[in-house]
Visitor: 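Dropping a structure here in structure tokens format, bear with me for questions.
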Amino acid sequence: MHSTITVKQTTHSRIGELDFSNIPFGKVFSDHMFVADYDGVQWKNFEIRPLERIPLHPATMAWHYGQAIFEGMKAGISDEGVPLLYRPQDHLHRLNASARRMCMPEFPEDIFIEALEQLVYLDKAWIPQEAESALYIRPVMMATDEFVGVRSSDTFKMMIMCLPSGPYYNKPIGLLVEEHFVRAAEGGVGEAKAAGNYGASLYPAKIAKEKGYDQVMWMDAKEFKYIQEVGTMNIFFVLDDLVLTPNLSGTILKGITRDSIITLLKDEGYRVEERPVSMEEIEKAYDSGKLKEVFGSGTAAVVAQVAKIGYNGRDLVLDLNTNKVSTHMKHLINQIRKGRITDKHQWISPIKLPALV
Ligand code: COI
């Protein structure tokens, strides 16, 4: 295959500095990055090169008006040493949906897949093998026109970096139902993985932390009645033999881990309902002893158990000993990502590249 991507390999790998038994999330980067530029007409300058800082003008539009989107995806490595990408096309489709909403250019699928394959193959020594670890892959697209005025940028930059990662949360988390601030309203950008959605979540999350919780649980913007998602994840509730998760209403992120979990649960015969879920329903289920588990799902977090939910001036405290569904789902996803169990939904793309030029 003729490659459109120029590859410049590092002469000084930093892999020797990595302690695989203790990898903090988000701070450790592999040796290489992928970079491409959009010139107003087309994507070009496809390059994999040693990870480095990029010089940018202070008027770079992404910083001023928030025209920036990203993805979070993962790669594992099989016991035979083959790097495995998890649902790369689905991530690209979501990235391009975010791009359309934010008036940004879509990225071509063939180059995205080739870039991922070459980059992850080149940095495969950075893929952790530990049970709950993986290579976290962060594509990010940003507006790069140097202009101070509100309009869409003409030029953009796409970058992909890789971070060996352990678990995002290393203990069950506490959630505070947010009854003042909102994450997204209908017609807004809640479904896009837009940088600003996360920026806007920081102040409510800070208040929640001061009150002793790890994250906020967002409610709908009209009535503060229906649950949307958690700061960093989609959310699931196990009520006896029924698993509930808020439906995709346009205001929540179309989680790829969420979709994987719904599919795996249905495979195993669980009753799963995607529909509006009110906090009133969850509180009632808790009071009647039906609420058995609550867990979040996301690429970074995979599956995160919830220990308590702050609501109506009290804590709904969950019995973590009953966490069976979440433990099982987390195990399945981690195992599929490492190629250790049958991938019956073709979520895994093995990378079998010959030696790079
Ligand atoms: C992800 O799960 O990939 C995300 O983008 C969430 C972020 C909090 C790390």
Side-chain angles (χ1 to χ4, degrees), residues 23-30 66 68-76 85-99 101-102 112 116 120 127-128 132-142 158-171 173-175 178 183-184 189-206 208-209 213-218 228-236 245 248 251-262 295-306 326 329-330 333-334 336-337 347:
I23 314 176
F25 183 89
K27 291 186 181 169
V28 182
F29 299 87
S30 73
I69 56 173
F70 69 97
E71 264 304 310
M73 45 189 297
K74 274 184 174 166
L85 296 172
Y86 190 74
R87 305 187 68 169
Q89 278 87 1
D90 293 325
H91 282 281
L92 194 257
H93 296 159
R94 192 172 65 177
L95 180 85
N96 281 339
S98 301
R101 178 63 183 85
M102 297 300 290
F112 185 74
L116 283 176
V120 173
I127 307 175
E132 296 200 14
S133 301
L135 191 71
Y136 184 79
I137 303 169
R138 172 53 65 91
V140 58
M141 191 195 292
M142 61 184 286
M158 169 84 167
M159 291 167 282
I160 306 179
M161 57 205 123
C162 298
L163 300 87
S165 302
Y168 190 82
Y169 293 110
N170 49 23
K171 61 171 184 47
I173 58 171
L175 301 178
E178 179 55 66
R183 175 184 176 274
V189 293
E191 203 175 66
K193 217 160 162 58
N197 283 341
Y198 294 79
S201 75
L202 300 177
Y203 181 61
K206 175 174 174 270
K209 277 190 190 123
Y213 301 86
D214 298 285
Q215 267 296 343
V216 293
M217 188 150 80
W218 297 110
Q228 291 195 328
E229 62 176 68
V230 177
T232 46
M233 302 177 285
N234 295 113
I235 186 95
F236 286 82
T245 192
L248 298 175
T251 56
I252 69 171
L253 196 75
K254 280 189 182 165
I256 289 163
T257 310
R258 172 189 181 279
D259 180 73
S260 301
I261 289 174
I262 292 171
F295 61 92
S297 72
T299 297
V302 189
V303 171
Q305 293 170 346
V306 174
S326 50
M329 287 299 123
K330 184 188 218 168
I333 291 180
N334 282 328
I336 293 173
R337 213 189 311 100
W347 288 334

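Counting starts at 1 for both ligands and their atoms, in listed order. In this chain, residues are counted from 1 in sequence order. Reckoned from all heavy atoms, side chains included, excluding hydrogens, waters and symmetry mates.
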Visitor: Please write down residue, atom name and distance for the protein heavy atom closest to atom 8 (C) of ligand 1.
Guide: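 Result for atom 8 (C) of ligand 1: T232 CG2, 3.3 Å.
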Visitor: Is the closest side-chain heavy-atom distance between Y86 and T299 below 4.5 Å?
Guide: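 Counting from C-beta outward, Y86 and T299 never come under 4.5 Å.
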Visitor: Does R183 reach the main-chain N or O of E229 with its side chain, forming a donor-acceptor pair under 3.5 Å?
Guide: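 The answer is no, because no donor-acceptor pair under 3.5 Å joins these two groups.
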Visitor: With a 3.5 Å distance limit and no angle check, can you tell me whether H91 reaches the backbone of E71 through a side-chain donor-acceptor pair?
Guide: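 Checking the backbone N and O of E71 against the side chain of H91, no donor-acceptor pair under 3.5 Å is found.
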Visitor: Heavy atoms only, cut-off 4.0 Å: how does R138 contact ligand 1, side chain, backbone, both, or neither?
Guide: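 Side chain only.
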Visitor: Under 4.0 Å from a heavy atom of A300: give me the atoms of ligand 1 that qualify, with their elements.
Guide: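 Under 4.0 Å from A300, ligand 1 has these atoms: 1 (C), 2 (O), 3 (O), 9 (C).
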Visitor: Hey, are E132 and K330 close enough for a salt bridge, meaning a charged N less than 4.0 Å from a carboxylate O?
Guide: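 A salt bridge links E132 with K330.
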Visitor: Do N234 side-chain atoms and L253 backbone N/O form a donor-acceptor pair below 3.5 Å?
Guide: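 Indeed, once roles are kept as given, a pair shorter than 3.5 Å links the two residues.
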Visitor: Can you tell which part of K193 has a heavy atom less than 4.0 Å from ligand 1: side chain, backbone, both or neither?
Guide: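 Side chain only.
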Visitor: Looking at F70, which atoms of ligand 1 are within less than 4.0 Å of one of its heavy atoms?
Guide: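 With F70 as reference, the close atoms of ligand 1 come out as 5 (O).
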Visitor: Distance to 0.1 Å, residue and atom name: give those for the protein heavy atom nearest to atom 1 (C) of ligand 1.
Guide: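 For atom 1 (C) of ligand 1, the nearest protein heavy atom comes out as Y136 OH, 3.3 Å.
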